[in-house]
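This report refers to the structure that appears directly beneath it.
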Amino acid sequence: MNYADRVLIADLKRHVEKEVMLAGWLYRNRPSGKVQFLTLRDGSGLCQCVIEKGKIDDDLFDKIKHLGQESSLAITGTIREEQRSVGGYEMAVTSAEIISESKDYPITPKAHGIDFLMKNRHLHLRSQRQWNISRIRHTVVDSIRRFFNDDGFTLVDTPIFTTMAGEDASSLFEVDYFGEPLHLTQTGQLYLETAAMSLGKVYCFGPTFRAEKSKTRRHLTEFWMVEPEVAFAGLKELLELAENFVSFIAKNVLEKNRAQLEQVGANIELLEKIKPPFYRLTYSQAVDILTGPKTKDFMAKQLEEFHQQKKQIEERLSQLEKEQKGSIKQWKREKNAAEIIEIKADLSEVETKIENNPKHAQLAADFKWGKDLGGSDETIISMMHDKPVFVTHYPKEAKAFYMKTDRSDDRVVENFDMLAPEGFGEIIGGSVREDDYDVLVARAKDMGFKPEDYDWYLDLRKYGSVPHGGFGLGVERTVAWMASEKHIRQCIAFPRMMDKVYI
RNA sequence: UCCCCGAUAGCUCAAUUGGUAGAGCGAGCGGCUGUUAACCGCUAGGUCGUAGGUUCGAAUCCUACUCGGGGAGCCA
C-alpha cells in the first residue's frame with residue numbers, strides 16, 4: 001500500500017461520500033458481535049471507523065477485534081457525516097491493513113496518576129489532552145514569531161553558553177567548557193541589547209536555564225522564553241508592545257485552536273477579553289491594595305467561598321459513600337467510585353487553599369514597601385482582575401542593576417511585570433535599561449558587581465547610548481494560562497524539573 | 001533547603017477500633033448490530049515502598065531511609 005495516498009482526518013469534510021484511506025493508531029476499539037467501532041487517531045484528529053461483519057474478510061474482522069490499543073493500521077472506507085461520531089464524520093470500512101500490532105499499552109482510557117504518566121511521558125504525548133496542548137503551544141510559538149517578524153523586528157540568536165554571570169550565579173547551571181567554567185543562559189538580554197544597537201528592534205527566542213530550587217507548578221529548570229529588545233523606547237512603548245503582543249497570541253489561539261481549547265476546558269470567555277489596554281498599577285499602588293481593606297475583604301470572602309466549596313464537596317462525598325453501601329446497579333457503583341476519587345482530589349485542593357489563605361492574607365497585610373512582590377502577592381493581585389495587569393516601578397533594591405532608575409523618583413526603577421488574570425501570575429518581566437554610563441556603573445558597584453566584568457556591556461553606554469528596553473515572556477506559562485492547565489510541566493513535551501528528569 | 005500529605009494487583013483506589021488482602025479498570029476467553037470511559041459471564045494477577053521495632057498477631061502502631069505529590073522562598 002502507498003500511504004502517501006492517505007487522507008488526513010482533519011480534512012475529512014472534503015471527502016464525504018468518497019472512499020479514502022486513513023492511516024494511524026488505534027485509539028480505542030469497542031467490538032460487538034457483528035460490528036466494531038474503532039477510533040483511529042492519525043495526528044490530525046480522531047475518526048470513528050465502523051466495521052460490519054461480512055463487509056470485510058472474517059479472519060481480519062476477528063483479528064482486528066483482538067487488536068491492542070495503539071496498534072498501527074491503515075483503513076479504507078467511505079466517509080459519511082454522522083452526528084454521533086467524534087468530529088462529526090465516520091468511516092464505513094471496506095478494507096484494512098494491520099501495520100504493526102501493539103499489546104498491553106500501559107496508558108488505558110481510565111484515570112492515571114501524574115507520576116505514572118510522567119514515567120510514560122513518551123507515550124503520554126499521544127493522549128488527547130497532551131495532543132490538544134501541543135497544538136495550542138504550536139500556535140503560541142507561531143504567533144510569537146509572526147508578531148515580531150511582521151512588526152519590523154530582526155531575530156538574533158543569543159548564545160546558550162554564556163560568559164555573563166548576570167544577577168545571581170547561584171541560579172545558573174555551570175558547565176565545564178574545556179576546563180573553563182561557563183554558564184547556561186538565563187536570559188539573552190545583555191547580548192540582545194548590543195544587537196538592538198545594530199538593528200533597532202530585535203528579539204531572541206530559545207531555551208533558558210535556571211538552577212533555582214523551585215518546586216512549584218510554575219517552574220521548570222529549562223523553559224522557552226522570547227525576549228524583544230527595542231531601541232528608542234520608554235516604559236509606555238514597552239507596555240503597549242507587550243499588551244499588543246499578548247493580545248495577538250490570544251486572538252490567534254482562539255482562532256486556530258477553539259476546538260482544542262474547548263476540549264481542555266479552557267476559559268474561552270476570559271481569553272476573549274484579552275485585548276488592549278491591560279490594567280496598569282504601580283508597585284506602590286499594588287502595595288496599598290495588598291495592605292489595605294480591599295485585600296482583607298477579598299481574602300476573607302475567598303476563604304468563605306473555599307469553606308463553602310469544602311462543605312459542598314463533603315456533602316456530596318458522604319452522599320456518594322452512603323449510596324455505595326446500599327444496593328445499587330453495578331454501573332452506578334463504578335461511576336460513583338470514579339466520582340469519589342475525583343472529588344477527594346478536589347477536597348484536598350480546597351483544604352490546601354483554606355490552609356494557605358490566612359498565610360497569604362497575613363503576608364499581604366504585613367507587606368512592607370521595598371520588598372519584591374512574592375508569588376502569593378502576585379496571585380492576589382491577579383485574582384482581583386479579569387484581564388492581565390501590569391505592575392510597574394518596583395523599588396530598585398529588589399531589582400537587577402541594569403534597570404533604569406526613574407528620574408522622577410529615584411527609589412524605583414522603570415520596570416514592569418505582567419500578571420495573567422485569575423491567579424495565573426507572572427507571564428512577563430521587563431524593564432527600560434539604564435542608559436547612563438555613570439549611573440549604571442554606580443548601580444553595578446552597589447549590587448557588588450565589578451564593572452570590569454561588564455566592559456562590553458558598558459560600551460553600549462559609551463558609544464551613542466539611547467533609551468531602550470525590552471521584556472521576556474515565558475512560553476510554558478503562557479500556554480498553561482491560555483489552556484487552563486494547572487502545571488506548566490504539561491505544556492512542554494519533555495519537561496525538566498528541579499531534581500527530576502524523566503526521559 | 002523548610003513545612004504538609006502519600007506509597008496496597010499493570011492502572012485507580014478500598015480494607016471498620018491491630019485479627020485469613022478486596023473492587024473496578026486493564027489483560028486473556030466467550031456473548032451482544034450504534035458503542036461514546038458501553039454492557040454481561042468466566043480466568044489469571046499481590047513478599048501491602050525498603051529496613052528495623054512493639055505485639056500472641058501489623059497493610060494498619062513506632063523509628064529511620066527511599067521515592068512521589070502539594071506548598072514556601074526565588075523567578076518567566
Side-chain angles (χ1 to χ4, degrees), chain A residues 27-39 46 48 50-55 65-66 68-69 82-86 90 103-120 128 167-168 170-171 186-187 207-227 321 324-325 329-331 333-338 340-342 344-345 348-349 351-353 355-356 359-360 363 371-376 378 398 400 417-420 424-430 471-478 480-481 486-488 498-500:
Chain A
Y27 192 65
R28 204 164 292 168
N29 186 15
R30 278 182 286 275
S32 193
K34 296 193 176 74
V35 66
Q36 296 187 52
F37 301 95
L38 308 183
T39 306
L46 295 177
Q48 175 164 280
V50 186
I51 311 181
E52 290 181 47
K53 195 158 189 174
K55 296 277 173 74
K65 200 170 183 172
H66 293 101
Q69 202 185 332
E82 173 55 70
Q83 285 301 314
R84 289 173 292 186
S85 180
V86 253
E90 74 175 15
K103 266 186 94 78
D104 300 325
Y105 186 69
I107 302 176
T108 66
K110 295 282 170 171
H112 297 283
I114 189 64
D115 184 42
F116 178 78
L117 291 174
M118 276 300 170
K119 281 178 177 152
N120 289 285
Q128 275 304 287
E167 299 147 54
D168 180 15
S170 69
S171 62
Q186 194 188 32
T187 167
T208 299
F209 308 88
R210 305 252 168 119
E212 292 155 3
K213 303 252 188 215
S214 302
K215 209 182 123 191
T216 81
R217 60 181 68 171
R218 299 167 33 74
H219 286 87
L220 296 170
T221 54
E222 177 181 319
F223 63 97
W224 280 65
M225 179 159 75
V226 59
E227 298 174 88
E321 276 166 352
Q324 294 298 74
K325 278 178 188 156
K329 287 256 166 63
Q330 184 63 30
W331 67 267
R333 187 179 298 280
E334 279 169 39
K335 207 167 180 170
N336 284 352
I340 285 172
I341 290 165
E342 206 173 300
K344 276 187 178 172
S348 86
E349 198 169 318
E351 279 170 346
T352 306
K353 283 181 183 167
E355 198 187 317
N356 285 335
K359 291 185 206 163
H360 292 171
L363 277 172
K371 276 197 313 179
D372 203 351
L373 291 180
S376 64
E378 288 182 346
D417 281 353
M418 196 205 87
L419 311 180
F424 270 91
E426 188 176 349
I427 300 291
I428 285 180
F471 59 83
L473 170 129
V475 170
E476 290 77 16
R477 285 188 181 177
T478 304
W481 164 40
K486 265 186 230 145
H487 205 304
I488 68 170
M498 172 194 158
D499 54 69
K500 210 178 317 138

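Here the structure is a predicted model, which means the values were calculated and not measured. Residue numbers start from 1 in every chain, and the chains themselves are labelled A, B, ... in the order their sequence lines are given, proteins ahead of strands.
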>> Taking donor-acceptor contacts at under 3.5 Å, does the side chain of A:Arg30 reach the base of B:C32?
In response: no
>> If I take atom OG1 from residue A:Thr39 and atom CZ from residue A:Arg30, how far apart are they, to the nearest 0.5 angstrom?
In response: 5.0 Å
> Could you state the interatomic distance from CG (A:Leu473) to CE (A:Met418), rounded to the nearest 0.5 Å?
Replying inline: 7.0 Å
> Distance between the C1' atoms of B:C62 and B:U54, in whole angstroms?
Replying inline: 7 Å
>> Could you tell me how far B:G34 sits from B:A38 if I compare only their P atoms? Round to whole Å.
In response: 15 Å
> In which ranges does RNA chain B form stems of 3 or more consecutive Watson-Crick or G-U pairs, distances under 3.5 Å?
Replying inline: B:1-7 with B:66-72, B:10-13 with B:22-25, B:27-31 with B:39-43, B:49-53 with B:61-65
> Does A:Phe424 offer a backbone N or O that forms a donor-acceptor pair with the side chain of A:Arg218 under 3.5 Å?
Replying inline: yes
>> Should the side chain of A:Gln36 and the base of B:U35 be counted as holding a donor-acceptor pair, with the cut-off at 3.5 Å?
In response: no
> How close do A:Ser85 and A:Gln48 get, heavy atom to heavy atom, and via which atoms?
Replying inline: OG-CB, 3.3 Å
> Could you state the CD-P distance from A:Glu476 to B:C75, rounded to the nearest angstrom?
Replying inline: 19 Å
> Between A:Gln69 and A:Thr108, does any side-chain donor sit less than 3.5 Å from a side-chain acceptor?
Replying inline: no
> When we call it a touch if two heavy atoms are under 4.0 Å apart, what does A:Gly113 touch: a base, just sugar-phosphate, or nothing?
Replying inline: sugar-phosphate
> When you measure from the side chain of A:Ile488, which nucleotide among B:A76, B:G68, B:U35 comes out closest?
Replying inline: B:A76
>> With rounding to the closest Å, how many angstrom separate the C1' atoms on B:A44 and B:G26?
In response: 13 Å
> Base, sugar-phosphate alone, or nothing: which one does A:Gln83 contact when heavy atoms must sit under 4.0 Å apart?
Replying inline: nothing
> Under 4.0 Å between a side-chain N/O of A:His66 and OP1 or OP2 of B:A27, yes or no?
Replying inline: no
> Between B:G68, B:C11, B:G34, which one does the side chain of A:Phe116 approach most closely?
Replying inline: B:C11
>> Would you measure the distance from the P atom in B:G45 across to the matching atom in B:C5 and give it in whole Å?
In response: 37 Å
> Which value, rounded to the nearest 0.5 Å, describes the distance between A:Lys34 atom NZ and A:Ile51 atom CD1?
Replying inline: 16.0 Å
> How is A:Ser32 classified with respect to the nucleic acid when contacts are heavy atoms under 4.0 Å: base, sugar-phosphate, or nothing?
Replying inline: base
> With a 4.0 Å cut-off on heavy atoms, is A:Asp417 in touch with a base, just the backbone sugar-phosphate, or nothing at all?
Replying inline: nothing
>> Rounding to an integer number of Å, can you tell me how far A:Leu38 CG sits from B:G34 C1'?
In response: 14 Å
> What integer number of Å spans the C1' atoms of B:A15 and B:A21?
Replying inline: 8 Å
> Quick one: does A:Glu52 reach the base of B:G34 with a side-chain donor-acceptor pair under 3.5 Å?
Replying inline: no
Quick test: give all pairs of protein nitrogen or oxygen and nucleotides 42-45 of chain B nitrogen or oxygen below 3.5 Å, distance rounded to 0.1 Å.
none

>> Considering every strand and a 4.0 Å limit on heavy-atom distances, what is the contact class for A:Arg28: base, sugar-phosphate, or nothing?
In response: sugar-phosphate
> In terms of the nearest nucleotide of RNA chain B, which residue is placed more toward the 5' end: A:Lys103 or A:Pro106?
Replying inline: A:Pro106
>> Base, sugar-phosphate or nothing for A:Ile427? Non-hydrogen atoms, less than 4.0 Å.
In response: sugar-phosphate
> Between B:C75, B:A76, B:G34, which nucleotide has the shortest distance from any of its atoms to the side chain of A:Arg218?
Replying inline: B:C75
>> Using a heavy-atom cut-off of 4.0 Å across all strands, would you classify A:Glu222 as base, sugar-phosphate, or nothing?
In response: nothing
> Can A:Phe37 be classed as stacking with the base of B:G34, given a centroid separation cut-off of 5.5 Å and a plane angle cut-off of 30°?
Replying inline: no
> Which sits closer to the 5' end of RNA chain B, A:Lys53 or A:Thr108, going by the nucleotide each is nearest to?
Replying inline: A:Thr108
Nucleotide N/O to protein N/O under 3.5 Å, stretch nucleotides 70-73 of chain B:
from, atom 1, to, atom 2, distance (Å)
B:G70, OP1, A:Arg489, NH2, 2.9
B:G70, O3', A:Arg217, NH2, 3.1
B:G71, OP1, A:Arg217, NE, 2.5
B:G71, OP1, A:Arg217, NH2, 2.5
B:G73, O6, A:Lys213, O, 3.2
B:G73, O6, A:Lys215, N, 3.3
B:G73, N1, A:Lys213, O, 2.5

